[in-house]
Asker: 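Shown below is the structure under consideration.
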Amino acid sequence: MTERTYSISDLSREFDVTARAIRFYEDKDLIQPMREGQRRIYTARDRVRLKLILRGKRLGFSLSEIKDILDLYDTDMGESRQLELLLDKIEERRRALEAHRRDIDLTLAEMDDLERQCRENLKERAGAD
DNA sequence: TTTCTCACA
DNA sequence: TGTGAGAA
């Protein structure tokens with residue numbers, strides 16, 4: 001069985017990212033497609049990596065964090081360590097999001113206060129007029 | 001169509 | 001973390 005390969009436009013269509021972005025990930029060493037002359041040839045494995053990159057991005061990981069995780073994919077005894085690193089990253093990311101949520105809640109509470117004051121002020125003015 | 005590079009946010 | 005343009 002001969003393995004399927006993909007062109008850069010195949011993948012950009014499938015995952016709805018620009019070819020530019022895919023080349024950009026390569027430039028950052030997140031993917032290493034083969035070459036056929038100048039052209040990039042993506043294997044099923046490259047395709048999986050791209051899928052993982054995009055998932056990582058959705059979760060808010062930086063490209064370098066994604067690279068750290070992806071690199072363990074290639075390592076011999078990497079399986080468990082990859083999962084452990086991923087767990088670390090998830091925990092870290094979760095903390096960051098929770099901190100962000102607290103900030104947002106504080107800001108919303110302040111806005112409630114301010115809004116209340118504005119409304120009271122309006123009422124007083126209406127009475128004074 | 002795809003590549004590369006330079007500039008730009 | 002990408003994009004756009006221009007030339008090959």
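Residue numbers start from 1 in every chain, and the chains themselves are labelled A, B, ... in the order their sequence lines are given, proteins ahead of strands.
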Asker: Atom CD1 of A/I41 to atom C1' of B/dT2: distance rounded to whole Å?
Answerer: 11 Å
Asker: Answer yes when A/E115 and A/R119 have at least one side-chain N-carboxylate O distance shorter than 4.0 Å, and no when they do not.
Answerer: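 Yes, A/E115 and A/R119 are salt-bridged.
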Asker: Which is true for A/R40 with a 4.0 Å heavy-atom rule: it touches a base, it touches only sugar-phosphate, or it touches nothing?
Answerer: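 Sugar-phosphate, no base atom in range.
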Asker: Tell me: CD of A/E26 to P of C/dG2, nearest whole Å?
Answerer: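 Value for this atom pair: 15 Å.
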Asker: Atom CD1 of A/I53 and atom P of C/dG2: how far apart are they, to the nearest Å?
Answerer: 10 Å
Asker: Closer than 4.0 angstrom, basic N to acidic O: yes or no for A/D46 and A/R49?
Answerer: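 A/R49 and A/D46: not salt-bridged.
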Asker: Check this for me, if you would: do A/D71 and A/K67 make a salt bridge, where the nitrogen-to-carboxylate-oxygen distance has to be below 4.0 angstrom?
Answerer: yes
Asker: Can you measure A/L59 atom CG to C/dT1 atom P for me and round it to whole angstrom units?
Answerer: 14 Å
Asker: Roughly how many Å is it from CZ in A/R23 to C1' in B/dC4, rounded to a whole number?
Answerer: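 After rounding, the gap between these two atoms is 9 Å.
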Asker: Any side-chain N or O of A/T18 below 4.0 angstrom from OP1/OP2 of C/dT3?
Answerer: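 For C/dT3, OP1 or OP2 has a side-chain N or O of A/T18 closer than 4.0 Å.
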Asker: When the distance from CD1 of A/I22 to C1' of C/dT1 is rounded to whole Å, what number comes out?
Answerer: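 Those two atoms, CD1 and C1', are 15 Å apart.
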Asker: Take atom CG of A/D27 and atom P of B/dC6, then tell me their distance rounded to the nearest Å.
Answerer: 12 Å
Asker: Under 4.0 Å between a side-chain N or O of A/R39 and OP1 or OP2 of B/dC4?
Answerer: no
Asker: Specify the separation, in whole Å, of atom CZ of A/R58 and atom C1' of C/dT1.
Answerer: 16 Å
Asker: Is any side-chain N or O of A/Y25 closer than 4.0 Å to OP1 or OP2 of C/dT1?
Answerer: no
Asker: If only side-chain N and O atoms of A/K28 are considered, is one of them under 4.0 Å from the OP1 or OP2 phosphate oxygen of C/dG2?
Answerer: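 So the side-chain polar atoms of A/K28 never come under 4.0 Å of the phosphate oxygens OP1 or OP2 of C/dG2.
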Asker: Give a yes or no on whether a salt bridge exists between A/R40 and A/E26, defined as a side-chain N under 4.0 angstrom from a carboxylate O.
Answerer: yes
